[in-house]
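Okay, so here's the structure we're looking at.
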2 protein chains.
Amino acid sequence: MGSAEEDSAERRPLNRRLAPNSGNPAAPNRAPSVASTIHARLRSEIVSLARKPGEPLAEKAITEAYGVSRTPVREAILRLADEGLVDIFPRSGTFVARIPQHGLSEAVVIRMALEEKSARLAAERATRSQVMVVQAIVEQLRESQAAGDQAAFHAADEHFHATLAEMAGYPGIWALVQQVKIQVDRYRRLTLPQEGRMQRVIEEHQAILDAVAAHDPDRAALHMNGHLGALIASVEDIRHVNPDYFAGGGHGD
Amino acid sequence: MGSAEEDSAERRPLNRRLAPNSGNPAAPNRAPSVASTIHARLRSEIVSLARKPGEPLAEKAITEAYGVSRTPVREAILRLADEGLVDIFPRSGTFVARIPQHGLSEAVVIRMALEEKSARLAAERATRSQVMVVQAIVEQLRESQAAGDQAAFHAADEHFHATLAEMAGYPGIWALVQQVKIQVDRYRRLTLPQEGRMQRVIEEHQAILDAVAAHDPDRAALHMNGHLGALIASVEDIRHVNPDYFAGGGHGD
DNA sequence: CTCATATATTTGATATATCAGTTAAGGCGG
DNA sequence: CCGCCTTAACTGATATATCAAATATATGAG
């Protein structure tokens with residue numbers, strides 16, 4: 001239908017900028033705005049636990065620390081709230097979100113559901129060159145292990161999963177996984193690095209890749225579930241860590 | 001790192017409101033703020049296609065229409081952008097997002113992965129009373145069909161899936177599904193209501209529920225996939241609808 | 001008449017000001 | 001000394017003002 005509330009007839013130039021689809025192929029809002037900078041910064045600080053769960057998040061302090069006004073800071077905080085990383089209590093205060101205990105196993109279950117599909121489809125569709133790319137990533141894992149570089153190891157790990165989703169033809173799967181796993185990432189910062197984990201992870205990734213290369217969806221799914229299932233165990237026991245960092249319920253999102 | 005910028009030593013009352021976890025069990029930010037009202041309203045208008053894909057979204061017009069300032073309107077629009085319902089082109093304009101063509105099948109695939117797990121777990125854990133509740137929901141579907149009430153039918157449909165996720169023990173699954181399916185919902189508004197769809201949907205839901213009641217995870221998963229797989233077909237053929245409402249690429253999240 | 005440039009306008013991004021609800025401390029009465 | 005009420009300070013929510021980039025329209029040269 002038309003539209004037009006009431007007197008908008010003469011007000012609308014009609015042919016004026018009706019579609020940003022010509023020269024702009026995609027990717028709106030990519031500019032490095034102040035707000036997104038603050039958001040990225042705060043997000044990183046929260047995920048890395050530089051800011052402790054339950055800790056108050058003073059808008060004013062952030063404002064001063066970064067030398068910007070409250071508007072972009074507020075924008076960043078609102079987005080963090082949508083991501084479940086901060087809790088805003090309307091006229092009371094804003095706090096770094098506690099890690100939702102039940103939300104952890106839920107996140108892992110969801111991730112398994114998503115990445116099982118990812119592995120299956122990747123196994124069905126993988127081309128030879130794609131397999132080689134992923135093999136290179138696994139090699140990066142080995143190099144990172146040898147160098148004892150945990151950060152590089154983690155980066156390659158994530159790259160592996162992202163690439164698998166891409167091979168499956170649905171990169172959105174990895175985007176969703178990233179969204180879901182964020183609280184688990186925070187949790188893992190609290191636990192001591194397990195001995196031999198890197199070696200185990202490398203072997204699991206190689207097993208997944210082998211199944212994918214062999215175009216064996218069932219086996220790929222099996223190894224993926226085994227790989228992620230290990231998380232379940234580590235997530236189940238929340239003792240020995242500060243219980244003040246946790247909240248009972250799970251997040252709705 | 002530690003924390004404490006510089007001169008905060010004497011500034012921090014330390015024992016002042018350090019955790020809103022005592023009297024506030026959960027649910028931060030539930031207040032009906034102006035911003036969330038606008039957001040809900042705009043969201044509804046976009047999903048119902050009252051606002052057409054590609055249409056400009058004038059911040060000023062909304063401001064005047066609702067009699068509020070630009071701040072809450074902007075806040076609402078930013079959230080819509082995060083949800084993928086609007087595209088913001090920084091110094092150019094804001095537009096109702098086009099429906100991502102490839103994103104549709106991706107959304108269905110993701111939904112199948114999630115709800116298959118949902119159905120499986122529900123079948124494993126269902127109690128008798130839970131089954132009865134869901135059977136009542138299916139009955140609501142039949143009543144809505146008889147009354148020809150599409151809105152009620154749709155509401156009961158969603159309630160069915162939400163309840164299944166709850167039975168599975170992971171309500172977050174449904175929350176995720178809702179987030180993912182939103183573009184599909186928009187797409188379906190564009191297509192004519194198919195003859196006999198209601199009847200088919202009822203039967204599929206009943207089949208899922210029967211499998212759940214029989215504690216047969218594999219069969220529950222099978223019927224759930226069959227149920228959602230029907231979406232794939234309807235999503236694949238995007239002809240006969242205004243191609244101007246669609247965008248080529250898929251969305252990130 | 002066509003095209004390039006200049007100007008005016010629109011818009012989102014940011015800064016600042018104001019408002020109202022909440023919290024916690026302080027004072028008053030019991 | 002204890003409890004209720006008042007008050008003061010703080011916070012997030014909203015309103016308003018300003019800024020700079022991008023687009024459209026007007027304008028003038030060719």
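Reminder, nothing fancy here: chain letters follow the sequence lines and each chain counts from 1. Worth knowing before you read on, the calculation uses all heavy atoms, side chains too, and leaves out hydrogens, waters and symmetry mates.
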[atom1] of [X] versus [atom2] of [N]: gap in Å, rounded?
X: B:Ile77; N: C:dG12; atom1: CD1; atom2: P; value: 7 Å
X: B:His39; N: D:dT14; atom1: NE2; atom2: C1'; value: 18 Å
X: B:Tyr66; N: D:dT14; atom1: OH; atom2: P; value: 15 Å
X: A:Phe89; N: C:dA20; atom1: CZ; atom2: C1'; value: 19 Å
X: A:Arg91; N: D:dG12; atom1: CZ; atom2: P; value: 11 Å
X: A:Glu64; N: D:dT11; atom1: CD; atom2: P; value: 11 Å
X: A:Asp87; N: D:dT11; atom1: CG; atom2: C1'; value: 16 Å
X: A:Lys60; N: C:dA17; atom1: NZ; atom2: P; value: 14 Å

Nucleotide nearest [X] when distance is taken to its side chain, options [options]:
X: A:Ser33; options: C:dA15, C:dT14, D:dG12; answer: C:dT14
X: A:Ser92; options: C:dT23, D:dT14, C:dT14; answer: C:dT23
X: A:Ile88; options: C:dG12, D:dG12, C:dT14; answer: D:dG12

| Pairwise distance CZ(A:Arg70) to CZ(A:Arg74) - rounded to 0.5 angstrom | 8.0 Å
| note | Rounding to 0.5 Å, atoms CG (B:Leu141) and NE2 (B:His159) come to a distance of 11.0 Å
| For the residue pair A:Gly172 and B:Glu106, what are the closest heavy atoms and their distance? | N-OE2, 2.7 Å
| query | Below 4.0 angstrom, N of the basic side chain to O of the carboxylate: do A:Lys181 and A:Glu115 qualify? | reply | no
| note | side-chain hydrogen bond (donor to acceptor under 3.5 Å, both in side chains) filter on A:Glu116, not counting sequence neighbours, yields A:Arg120, A:Asn225
| note | The side-chain hydrogen bond (donor to acceptor under 3.5 Å, both in side chains) partners of A:Gln140 (sequence neighbours excluded) come to none
| message | Mind checking if A:Ala58 touches a base, just sugar-phosphate, or nothing, with heavy atoms under 4.0 Å? | response | nothing
| Along DNA chain C (nearest heavy atom to each residue), the more 5'-positioned of B:Glu59 and A:Gly67 | B:Glu59
| said: Strictly below 4.0 Å: does A:Thr94 bring a side-chain N or O up to OP1 or OP2 of D:dG12? | reply: yes
| Is the shortest heavy-atom distance from the side chain of B:Glu83 to the side chain of A:Asp82 under 4.5 Å? | no
| message | At a heavy-atom distance below 4.0 Å, what parts of residues 69-76 of chain B sit against DNA chain D? | response | B:Ser69, B:Arg70, B:Thr71, B:Pro72
